[in-house]
Amino acid sequence: MKKIASATLIMALTMPAFTAEFITIGTGSVTGTYYPTGGAVCRLVNKYKKETKIRCSVESTGGSVYNIKTIKNGELDFGIAQSDIVYQASNGQKGFKDNPVKKLRSVLAIYPELFTLVTRKKAGIKNIMDIKGKRINLGNKGSGNEATALGLFQVLGINKKDLKLAGILKAGEAPDALRDNKIDGYFYMVGHPTANIKDAANSVPISITPISGPKIDSFVKANPYFAQADVPAGLYKGVNTPIPTFGVKAVLVTSTDVSEKAVYTLVKAILENFDSFKKLHPAYANITKKSLLDGLSAPIHEGAKKYFKEAGLL
Ligand code: GLU
């Protein structure tokens with residue numbers, strides 16, 4: 001009797017009065033831009049948790065590819081991912097050739113990410129072809145950086161073996177490796193400015209190497225999810241001119257398994273607090289409510305569609 005009573009008491013204390021829905025957003029390294037973005041989104045979602053019963057939390061992860069695969073198997077509800085990887089996953093191309101993620105859905109395209117080659121100034125890597133014979137970090141398995149770097153290599157006719165080292169560190173580990181002279185440079189597809197590259201620039205003289213030329217031009221033209229852009233001058237110590245490269249959109253994605261209510265609630269929370277959201281990270285400086293719909297390379301989730309229609313944006 002006593003046992004049953006205490007079991008009931010424990011249940012009453014631990015179970016919420018109404019069933020709450022818990023949602024988790026997969027991001028990237030903590031010093032990148034996905035992680036604070038996940039935090040910004042959750043903060044807005046949680047502002048309404050009393051009414052909506054939806055609680056949002058953020059997870060630091062290995063990046064785009066990991067997030068999409070983990071959404072697919074149901075361990076994550078949402079994730080941030082590069083629009084090139086979202087496209088490939090949704091359409092069964094490249095790394096997703098034999099297993100397209102049919103249930104992958106876009107929620108909104110948040111901000112631009114630029115493919116950034118951060119190098120030690122002393123390494124003298126003046127253009128992308130100079131990476132041959134150097135120690136370059138491509139990124140961990142599961143990162144978008146690694147996937148995009150390998151796509152770029154194909155177009156440039158560069159083989160991993162042409163590098164002295166093709167590194168597999170997480171982006172979060174790359175700045176220390178650069179400072180400690182373990183690598184000559186690293187690729188990072190990221191929204192600027194980011195703490196990661198600030199840390200690198202403050203600990204060792206760096207350059208950002210241009211990723212440009214006729215082959216890059218045709219690579220960008222051939223793929224709808226790429227756009228040419230400059231890493232702005234003045235964001236990082238020692239980088240005082242704009243550096244040409246190409247980029248994608250950082251897209252919030254989910255799957256058809258996630259409820260219309262959860263997705264609707266999340267989109268509404270962002271859109272109805274859009275001005276304060278924009279102030280949460282300098283990478284959002286140029287985004288608009290309309291730009292949130294540019295660069296969606298998987299079908300849009302019904303819950304997001306519903307809100308965008310109500311708001312007159314779709
Ligand atoms: N674009 C990177 C990736 O998918 C992550 C960038 C970030 O964490 O801000 O691996």
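Just so you know, ligand 1 is whichever comes first in the structure, and atom 1 is the first atom listed for that ligand. All values derive from a computational prediction rather than experimental measurement.
- Protein residues with a heavy atom closer than 4.0 Å to ligand 1 are G28, G32, T33, Y34, G63, S64, Q82, E113, S143, G144, N145, Y188, M189, V190, listed by chain and number.
- Relative ring orientation between Y284 and Y111 is described as tilted, the plane-to-plane angle lying within the 30° to 60° band.
- Using a cutoff of 4.0 Å between basic side-chain nitrogens and carboxylate oxygens, E146 and K141 are scored as salt-bridged.
- Judged purely by distance below 3.5 Å, without hydrogens or angles, the side chains of N202 and R179 never pair a donor atom with an acceptor atom.
- Remark: N137 engages no residue in a side-chain hydrogen bond (donor to acceptor under 3.5 Å, both in side chains) (not counting sequence neighbours).
- A cation-pi arrangement is not found for K268 relative to Y48, the charged atom failing to lie both closer than 6.0 Å to the ring centre and inside a 45° cone about the ring normal.
- A heavy-atom distance below 4.5 Å is not found between the side chains of L178 and D184.
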